[in-house]
Amino acid sequence: MKILVIGGSYFFGRVFVMLAAKEHEVTVVNRGTYSVAELGAGQIKGDRRDAALWRSVADDYDCVVDFCAYEKGDIARVLENMPGSIGQYVFISTVDVYERGKGGLIEEDAPFETRILPGEAGGYIAGKVALEQEIREACGRLGTAYTVLRPAILYGPFNYAPRESAYIRLMVQNHVLPHITDATGAFQFVYVRDAAEAVLKCLGNPKACGQAYNLCGEPVLTYEMFYEELRRADGGEAAEVCLTVREARAQGVPLPFPVTRRESELYSDEKAKAQLGLGYIALSEGMARTYRAFRNVYGG
């Protein structure tokens, strides 16, 4: 299979390219900041916002996998300017597109968020919502198959966002594990390799065409469970430092997950498991692998 990956040199996209290039012909389009040659992939350098870039990508592709579409127009620009054929377009969206405050486990047919939420996160969500509509409309006009994947909180090696890696850095370098004592939020992780495997299961799969899937591993987590897995991963070497949410914010300790039940939104992945045969690595094993990877990075 001939695959064009947009993004693909950072975290989720990188792990996908590492797996896909073992079995398929993979070409990555990105700014060229990071080479993907060592991953076994070809590379086209350019700015995705430049229509001329896409007009120059003349080959036919069985699948396009888009990891870095964030703004309205990002998908249509690709589809409307590439001169070759595209068999399937896979868009990596997010579970954050859903309307907040509905309660229960949110399924793929739930309504989207229509409010413009504040800050950088609000802009990110609005962009993904707009792109979900755009992929349906643009692919419909062109007769191109499409699939949308909506991952929950991704974790794993190469994740340099200040989430689990920030806590592991404190454990390795400072020998402390911040323990937020009054956080009541709930959230869902998905190990990055599992998410990459989900993409592979969609490629060329007739069942996945015209479908959207939540990717959200099990179990539903709390901060307490997150700390327990980190303690298990490092063998209890780091000393716990108990902090309230207010104290953590005052000291600049990351709070990357919902800290209250009111903020928490939970999702159903039954559709992905039924239609794609999707499964997840055990959280303890995924966190252990993640800890070992970042321990090496941070000098432990």
Side-chain angles (χ1 to χ4, degrees), residues 10-13 15-16 67-70 90-113 117 121-122 124-125 127-129 131-132 147-167 183-202 208 211-226 229-230 254-287 289-290:
Y10 178 81
F11 192 35
F12 185 8
V15 173
F16 171 76
F67 288 93
C68 64
Y70 299 120
V90 178
F91 168 46
I92 308 303
S93 184
T94 171
V95 291
D96 290 330
V97 295
Y98 297 112
E99 184 179 352
R100 279 154 177 68
K102 291 297 184 182
L105 291 178
I106 300 171
E107 298 183 347
E108 287 84 352
D109 59 355
F112 283 1
E113 185 60 74
L117 302 175
Y124 170 80
I125 293 167
K128 290 291 190 179
V129 169
L131 286 164
E132 290 233 16
T147 305
V148 177
L149 296 176
R150 301 172 185 150
I153 299 170
L154 289 160
Y155 79 103
F158 307 112
N159 184 17
Y160 294 99
R163 294 176 185 151
E164 75 281 0
S165 63
Y167 280 78
T184 58
F187 43 91
Q188 292 158 296
F189 278 178
V190 57
Y191 188 58
V192 64
R193 185 183 176 108
D194 291 337
E197 293 279 6
V199 180
L200 286 170
K201 289 176 182 292
C202 291
Q211 300 295 326
Y213 298 100
N214 294 336
L215 307 179
C216 42
E218 301 161 345
V220 173
L221 296 176
T222 63
Y223 272 85
E224 196 63 43
M225 294 168 68
F226 174 60
E229 295 300 341
L230 287 175
L255 297 170
F257 318 120
V259 296
T260 67
R261 294 294 298 184
R262 185 176 180 180
E263 295 174 73
S264 304
E265 303 284 347
L266 300 176
Y267 310 92
S268 170
D269 65 347
E270 291 303 315
K271 181 179 176 181
K273 289 191 290 189
Q275 294 189 6
L276 302 178
L278 186 62
Y280 302 101
I281 190 172
L283 178 64
S284 57
E285 178 60 25
M287 195 60 71
R289 293 182 187 180
T290 304

How long is the straight-line distance from [atom2] of [Y] back to [atom1] of [X], given to the nearest 0.5 Å?
| X | Y | atom1 | atom2 | value |
| --- | --- | --- | --- | --- |
| Y267 | N214 | OH | CG | 8.5 Å |
| L266 | I106 | CG | CD1 | 7.5 Å |
| C216 | D194 | SG | CG | 12.0 Å |
| F112 | K128 | CZ | NZ | 12.0 Å |

Next item on the list: Sort and list the pairs that fulfil side-chain hydrogen bond (donor to acceptor under 3.5 Å, both in side chains) and have at least one residue in residues 157-166, not counting sequence neighbours.
Entry: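 Passing the test, one end in residues 157-166: N159-E164.
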What residues, two or more places apart in sequence or in another chain, satisfy salt bridge (Lys or Arg N to Asp or Glu O under 4.0 Å) together with E265?
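Per chain and number, E265 pairs via salt bridge (Lys or Arg N to Asp or Glu O under 4.0 Å) with no residue.
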Contacts of E270 meeting salt bridge (Lys or Arg N to Asp or Glu O under 4.0 Å) (sequence neighbours excluded), chain-then-number -> K273
Quickly, which of K271, Q275, E108 forms a side chain to side chain donor-acceptor pair (under 3.5 Å) with Y213? Name it, please.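 Of the listed options, the one satisfying the test is Q275.
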side-chain hydrogen bond (donor to acceptor under 3.5 Å, both in side chains) involving [X] - partner list, sequence neighbours excluded:
| X | answer |
| --- | --- |
| E132 | S93, R150 |
| E263 | T260 |
| E113 | R115 |
| E197 | none |

Is there a side-chain contact (heavy atoms from CB on, under 4.5 Å) between Q188 and V95? Walk through the geometry before answering. CA-CA 10 Å; Q188 292 158 296; V95 291; over 6 Å; no
Listed by chain and number, what are the ring-ring contact (aromatic ring centres under 6.0 Å, His included) partners of [X], not counting sequence neighbours?
| X | value |
| --- | --- |
| Y280 | none |
| Y10 | none |
| F67 | F12, F16 |
| F91 | none |

Return the minimal non-hydrogen interatomic distance between [X] and [Y], and the atom names on each side.
| X | Y | value |
| --- | --- | --- |
| P157 | T290 | CD-OG1, 3.8 Å |
| E229 | S284 | OE1-CA, 3.2 Å |
| P256 | P162 | CB-O, 3.6 Å |

Residue pairs passing the salt bridge (Lys or Arg N to Asp or Glu O under 4.0 Å) test with at least one member in residues 90-99, sequence neighbours excluded, are D96-R100, E99-K102
Exercise. Before giving the answer on side-chain contact (heavy atoms from CB on, under 4.5 Å), spell out for L283 and Y191 the whole-Å C-alpha distance, their side-chain angles and the decisive distance to 0.1 Å.
Key: CA-CA 8 Å; L283 178 64; Y191 188 58; over 6 Å; no
Next item on the list: Can you label the angle between the F187 ring and the F257 ring as parallel, tilted or perpendicular, going by 30° and 60°?
Entry: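 F187 and F257: parallel rings.
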| task | Answer yes or no: is there a donor N or O on one side and an acceptor on the other, between the side chain of Y167 and the main chain of P254, under 3.5 Å? | result |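 Confirmed, Y167 side chain pairs with P254 backbone.
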### Query
Is any side-chain heavy atom of V199 closer than 4.5 Å to a side-chain heavy atom of L149?
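Side chain of V199 against side chain of L149, heavy atoms only: contact under 4.5 Å found.
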